[in-house]
Amino acid sequence: MLFNSLEFILFALILTLLFRFAKGTKAIALLVASSLFFYSFTGEAWYLFPLLTSSLVDYVVGARIHKAHLSGGASKEKKAYLAISLAVNIGMLGYFKYWGFLLESWGALVGADAASVVTQIVLPTGISFYTFQTMCYSVDIYRGRLTPATSFLNYMAYVSFFPQLIAGPIARYQDLGASIERFRAGQATPAWREGIALFSIGLCKKVLIADRVANGINPLISCVDEAGLWTSWLLMIGYSTQLYFDFSGYSDMALGLGKCFGIELPINFKSPYKSKNPSDFWRRWHITLSEWIRDYIYFPLGGSRGGAASAAQNLVLTMTIGGLWHGASWTFVVWGLYHGLLLALYHALKERFDALPVAAQRALTLLCVFVGWIPFRSDSFAQAGSWLAGLLGAHGLSGGERLSLPYTGLIVASLLIALLAPNAYEMRFSSWSVRRWCALGVATAAALLMMNYSSTFIYYRF
Amino acid sequence: MRPFLVTVLSLMSAILIFNLHMDIAGFGSGEISPLATSQRGDEWLVSDRDYDQRAWVRARLLAGCPQRVVLGSSTVGTINPQRLMGASDAPAAALNLWLTGPSVEDFEALVQLLRATRCAPALVVVGVDPFLLNDAVTSERWQSVKDLQRDFYRAHDASALTPQPLVDAWGNVTLAWLKFKDLLAYQTTVSGLERLRAAGATKLGPRLVPQLNDYCARTPSIQSVRHHDGRFVYCDEWLRPQAQVDAIARAYLERDVHSMKKWRAVSAERLKRLEGALARLTAAGSRVVLIGPTYHPLAHEALLAHAPTRALLRQLDADLDNMSARLGARWLTLRDPARAGCAAGEFFDSHHPGPSCARRLAEQINALAPAP
């Protein structure tokens with residue numbers, strides 16, 4: 001079940017009705033049950049098993065670590081509990097997400113075909129997101145920054161809350177715990193207007209922009225080795241806008257759904273294509289992941305404490321791991337490495353870069369980010385290499401098949417929206433005119449009509 | 001907020017009412033049966049809206065027992081079943097029974113229909129598309145022949161039947177939901193508007209025509225034109241430029257057509273049920289030839305370039321080969337266009353071969369299973 005489906009709209013309507021009759025513990029139990037129901041319909045029912053395993057392990061581990069804290073227990077004991085959490089979560093991620101990749105890489109090295117093994121391992125939807133949530137719950141308790149959830153139901157509501165279960169935002173218990181407590185106490189105030197508006201804007205971003213751009217560029221990306229200079233650039237810009245509107249559309253929908261329950265989810269995007277430098281970009285793009293890898297990978301590695309060289313090394317390592325988090329493929333590793341190097345380079349040349357005119361800083365950052373999406377999108381290094389060569393005119397100026405004029409117009413328009421329009425969550429819906437509401441209504445109706453031809457969110461597969 | 005809700009609800013209601021009126025999906029397929037049985041050898045069944053192909057297939061099988069039949073999806077729809085015959089055979093003895101979006105349940109229903117009419121064709125060619133055994137693909141279209149499918153299990157394995165009221169109720173809910181979704185779909189609305197522009201508000205349902213020229217000139221988008229022998233016919237007006245066909249074919253996997261990119265496993269359960277259905281045919285004396293329908297060269301190349309799909313296709317071939325050996329049937333994979341002898345210019349899109357390619361497929365089948 002996808003947010004961009006009539007089934008989900010029906011599910012949300014039924015849920016709205018049910019919550020009218022549920023209060024207190026019943027309401028939180030219903031929230032958990034409906035989240036698990038939703039999750040089981042995003043793929044296979046057995047996906048619930050790893051979700052429940054990860055949740056249960058970290059709930060118990062968190063409680064044990066806290067108990068050890070209170071009783072002044074040995075640090076060794078707490079470490080052992082934390083190790084269990086890390087082993088289970090990283091173990092599950094390793095098996096479901098990376099085992100096939102390792103076998104395939106090994107097979108490529110020794111000349112064996114591991115494809116049949118790879119196909120048998122199915123990646124449960126959202127596993128990269130919820131394992132990060134459950135792990136940081138235990139780590140934060142271990143670090144003494146968090147007290148455990150007051151009940152298992154509250155904790156499960158945090159892990160499985162359906163608007164953010166599949167593709168984030170990666171929330172921490174500190175972000176959601178208070179909202180969940182208020183929800184359970186019947187004190188949460190649903191912000192219907194903001195919620196529905198945000199959901200609708202997200203739906204329009206996904207269905208009317210991201211999916212339409214995808215329809216135009218995907219066939220051409222599959223033969224990018226023939227694309228001329230003009231088409232290669234258009235495809236790069238097209239994919240950059242598709243990815244942004246796909247993921248930020250999802251995040252807007254998640255935020256909007258959260259608001260309908262009176263639960264505030266953390267913001268995940270702040271107009272990333274308006275960034276002035278690579279560091280700024282990562283404070284605006286997939287914010288909850290950036291913060292997660294900063295707090296749980298970069299800082300434990302030493303952060304910037306060991307001087308500039310050590311900071312650069314830690315940045316590169318952290319971003320490479322972040323790249324690998326996105327998918328089990330060497331192209332993601334390269335993408336992460338590329339961003340790590342960009343960040344390190346920026347910090348090394350910070351003074352000179354920041355002295356450039358703001359427009360030049362933005363243009364350079366945008367160019368670097370867009371070029372980075374090429375390995376991110378490519379199925380292989382050969383494809384990425386060919387695409388990059390196309391950007392430099394290696395296949396001629398206008399070789400291969402060309403993007404039609406309507407698609408070119410759509411890509412340009414979507415880029416302008418990404419560069420100029422405000423963030424959806426910044427909009428003040430209370431002061432919107434009737435005309436604006438009607439315009440959003442027309443766009444939403446168009447999106448609903450086209451939902452049958454919509455695809456899954458790109459980040460669903462991570 | 002209220003203007004937003006009013007706008008969305010009124011627009012969606014207007015679209016729903018318009019699409020209900022135009023009935024592009026052709027939910028009322030009741031008129032198909034008499035048309036199917038009265039269709040003469042020189043007539044074409046055309047329609048300006050969709051209709052249930054299963055109704056046509058059912059009516060024709062009830063009307064007579066063909067000696068050679070083609071079962072499968074539209075990917076084998078262009079095979080002329082008469083080419084599978086010896087020259088002396090009467091045309092009525094050959095039928096192409098292709099269906100839109102078939103699933104294993106459809107095969108069970110058709111086998112049951114053949115059994116109920118005491119019909120055992122000499123040759124049954126079965127197009128086994130990978131999507132038929134792709135665990136990521138589900139189709140509910142078979143629900144319109146669910147009575148036959150249930151009879152199949154009553155006759156062969158009553159223990160496999162779930163309590164009927166539950167199944168029927170769920171099936172009805174699913175069908176109603178699918179129809180509702182279809183009425184709120186962009187493509188339905190666009191087709192409705194095109195039809196409105198071409199023919200006014202007049203509803204042009206299925207009808208028999210002696211020649212196709214007028215129909216093809218007036219019909220803006222692809223519809224199913226069915227020849228008397230069941231084969232699918234494509235108007236020249238609908239042919240796409242070759243570059244467009246190639247682009248569609250190249251993007252076949254990328255666009256996840258037939259959920260080929262989502263494909264994770266060859267469904268053992270469906271394979272078993274397919275074998276169960278085909279075993280009834282071989283037991284009744286029919287010679288069964290299973291074929292893997294042919295892809296456009298670029299689509300085939302894309303499938304093989306994707307390691308998981310390549311492995312799954314290899315497994316599918318092995319499974320179907322083993323199954324054929326158990327059944328005493330033949331398995332002929334023609335997925336590779338080079339093997340089938342078809343070039344890129346002989347396809348309508350990524351997976352629908354045109355008549356010249358279909359002719360070669362028929363020749364290959366004949367070579368494998370010569371006329372008795």
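Order of the sequence lines fixes the chain letters, A, B, ..., with proteins taken first and strands second; residue numbering starts at 1 for each chain. As a basis for the values below, the full set of heavy atoms in this structure was taken, side chains included, without hydrogen atoms, waters or symmetry mates.
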**Student:** What pairs with B/Asp246 under side chain to side chain donor-acceptor pair (under 3.5 Å), at least two apart in sequence or on another chain?
**Tutor:**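 Scan of B/Asp246 (side chain to side chain donor-acceptor pair (under 3.5 Å), adjacent residues dropped) gives B/Gln242, B/His296.
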**Student:** Using atom types as modelled and distance alone, determine if a side-chain donor or acceptor of A/Trp387 lies under 3.5 Å from a backbone N or O of A/Ser232.
**Tutor:**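 It does hold such a pair.
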**Student:** With a 4.5 angstrom heavy-atom cut-off, could you sort out which part of A/Leu220 is near chain B: side chain, backbone, both or neither?
**Tutor:**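 Neither part; nothing is under 4.5 Å.
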**Student:** With a 4.5 angstrom heavy-atom cut-off, which part of A/Ser5 approaches chain B: side chain, backbone, both or neither?
**Tutor:**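 Neither part, no heavy atoms under 4.5 Å.
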**Student:** With sequence neighbours left out, what residues match A/Asp225 under salt bridge (charged side-chain N to carboxylate O under 4.0 Å, His left out)?
**Tutor:**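 A/Asp225: no salt bridge (charged side-chain N to carboxylate O under 4.0 Å, His left out) contacts found.
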**Student:** Could you tell me whether the side chains of B/Asp52 and B/Ser144 share a donor-acceptor contact shorter than 3.5 Å?
**Tutor:**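 A donor-acceptor contact under 3.5 Å links the two side chains.
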**Student:** Using a cut-off of under 4.5 Å for heavy-atom pairs, which of A/Trp192, A/Phe429, A/Trp437 has the most such pairs with chain B?
**Tutor:**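 Among A/Trp192, A/Phe429, A/Trp437, the one with the most close pairs to chain B is A/Trp437.
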**Student:** So which bits of residues 377-386 of chain A come within less than 4.5 Å of chain B, counting non-hydrogen atoms only?
**Tutor:**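 Only A/Arg377, A/Asp379 of residues 377-386 of chain A have a heavy atom under 4.5 Å from chain B.
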**Student:** Return all side-chain donor-acceptor pairs below 3.5 angstrom for residues 3-17 of chain B, not counting sequence neighbours, or 'none' if the list is empty.
**Tutor:**
residue	atom	partner	partner atom	Å
B/Thr7	OG1	B/Pro3	O	2.5
B/Ser10	OG	B/Val6	O	2.5
B/Ser10	OG	B/Thr7	O	3.2
B/Ser13	OG	B/Leu9	O	2.6

**Student:** Give me the ring orientation class for A/Phe332 and A/Phe376: parallel if the planes are under 30° apart, tilted from 30 to 60°, perpendicular past 60°.
**Tutor:**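 Perpendicular, since the angle between the ring planes exceeds 60°.
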**Student:** Just by distance, do the side chain of B/Asp182 and the backbone of B/Leu178 share a donor-acceptor pair under 3.5 Å?
**Tutor:**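 Not at all, since once roles are kept as given, no pair shorter than 3.5 Å links the two residues.
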